[in-house]
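Accompanying notes for the structure given below.
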Amino acid sequence: MDPRDLPFSVLVILIAATTFANGYSPPTPPPTTVYPAVKTVEAAVEGMVYCQSCDKYGSWSLAGAEALAGAKISIICKNHRQHVSFYKVFQTDSYGHFYGELKGFKMTPHFLDHPLHACRVKLVSSPREDCNLFSNINNALDGAKLRYEEKRLKWTTYEAVVYAAGPLAFRPDHCSETAPPPTY
């Protein structure tokens, strides 16, 4: 180091020490603009699953049916080309109620890709061995269609359009197939 540069180095060190000793702090950045969180609108499906009573075997009646806790249903959506675009299995709660969010379901501008046209709900499995046969109540074998009942769930950053399906039902395996025709 050249001796002539020494006084300059000492001067820089003295200026820095004096500046920080007098309480200098770097300038604070300007305040940032806070934008409200973007609200996401999701689609969801809800419904009930029952165990149909033997005396209503062969009908769509759910009179005397029991809500089925732990039953599994699937929500299947197909696009306008009939390719599966969404599939997920949901389980009923202790009251036989299911609520399934269609997270990941992509709607396109094509009207047939809307959940009302594209999605169906099917029975998957029953937790009860004495009530595990599929019934066709509300066309569950082909898939129950969704209904729009003007129901929405709203929070500050979340909104869900809730569609209804069913009710769906399993039937007992011990019912007589020669039971008398149901009375309505």
Side-chain angles (χ1 to χ4, degrees), residues 39-79 82 84-107 111-184:
K39 183 180 273 194
T40 58
V41 178
E42 299 284 340
V45 179
E46 71 175 353
M48 294 289 295
V49 179
Y50 294 95
C51 176
Q52 186 181 37
S53 63
C54 280
D55 61 330
K56 300 301 180 188
Y57 173 79
S59 73
W60 278 26
S61 174
L62 290 172
E66 300 173 26
L68 200 55
K72 292 183 181 177
I73 57 95
S74 65
I75 300 175
I76 304 164
C77 304
K78 294 182 179 180
N79 63 22
Q82 294 301 308
V84 174
S85 60
F86 180 86
Y87 177 84
K88 192 164 183 183
V89 174
F90 297 94
Q91 190 166 343
T92 60
D93 63 13
S94 60
Y95 301 102
H97 178 263
F98 66 86
Y99 180 85
E101 291 182 330
L102 302 181
K103 286 191 184 248
F105 175 73
K106 303 281 188 241
M107 277 197 287
F111 78 98
L112 290 177
D113 288 342
H114 189 277
L116 282 174
H117 303 289
C119 301
R120 301 283 185 266
V121 178
K122 291 186 174 188
L123 296 167
V124 174
S125 66
S126 170
R128 289 180 40 185
E129 288 186 26
D130 66 331
C131 189
N132 59 2
L133 298 179
F134 294 178
S135 76
N136 199 29
I137 294 175
N138 287 313
N139 295 314
L141 295 177
D142 292 328
K145 292 182 179 183
L146 307 187
R147 299 180 311 275
Y148 179 63
E149 297 181 343
E150 298 183 23
K151 184 175 180 181
R152 291 178 175 260
L153 297 177
K154 294 182 181 183
W155 289 278
T156 54
T157 59
Y158 175 80
E159 185 174 341
V161 177
V162 182
Y163 299 96
L168 307 174
F170 289 91
R171 64 179 180 86
D173 59 357
H174 60 275
C175 295
S176 168
E177 291 194 26
T178 59
T183 56
Y184 296 98

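Pairing each heavy atom of L168 with each of A140, the nearest pair is CD2-CB, 3.7 Å. Between I76 and Y87 the shortest heavy-atom distance is CG1-CD1, 3.3 Å. Contact record, L68 with P127: CG-CD, 4.3 Å, taken as the closest heavy-atom pair. Among all heavy-atom pairs drawn from P167 and Y50, the shortest one is CB-CE1, 3.7 Å. Closest of all the heavy-atom pairs between N79 and S85 is N-OG, 3.9 Å. Contact detail for A69 and T92: the closest heavy-atom pair is C-OG1, 3.5 Å.
To the nearest 0.5 Å, atom CZ of residue F90 and atom NE2 of residue H97 are 12.0 Å apart. The line from CG of N138 to CG of L123 is 10.0 Å long, rounded to the nearest 0.5 Å. Atom CG of L133 and atom CG of D173 lie 5.5 Å apart (nearest 0.5 Å). Between atom OG of residue S74 and atom NZ of residue K88 there is a gap of 12.5 Å, rounded to the nearest 0.5 Å.
At least one side-chain heavy atom of K145 sits less than 4.5 Å from a side-chain heavy atom of R120. Residues W60 and L62 have side chains not in contact (no heavy-atom distance under 4.5 Å, counting atoms from C-beta outward). Side-chain contact between Y99 and D93 is absent, with no heavy-atom pair separated by less than 4.5 Å. Residues V45 and F98 meet the side-chain proximity criterion, which asks for heavy atoms closer than 4.5 Å.
Looking at E101, its side chain never comes within 3.5 Å of a backbone N or O of A160 through a donor-acceptor pair.
Using a 4.0 Å cut-off between a side-chain N of Lys or Arg and a carboxylate O of Asp or Glu, E149 and R147 qualify as a salt bridge.
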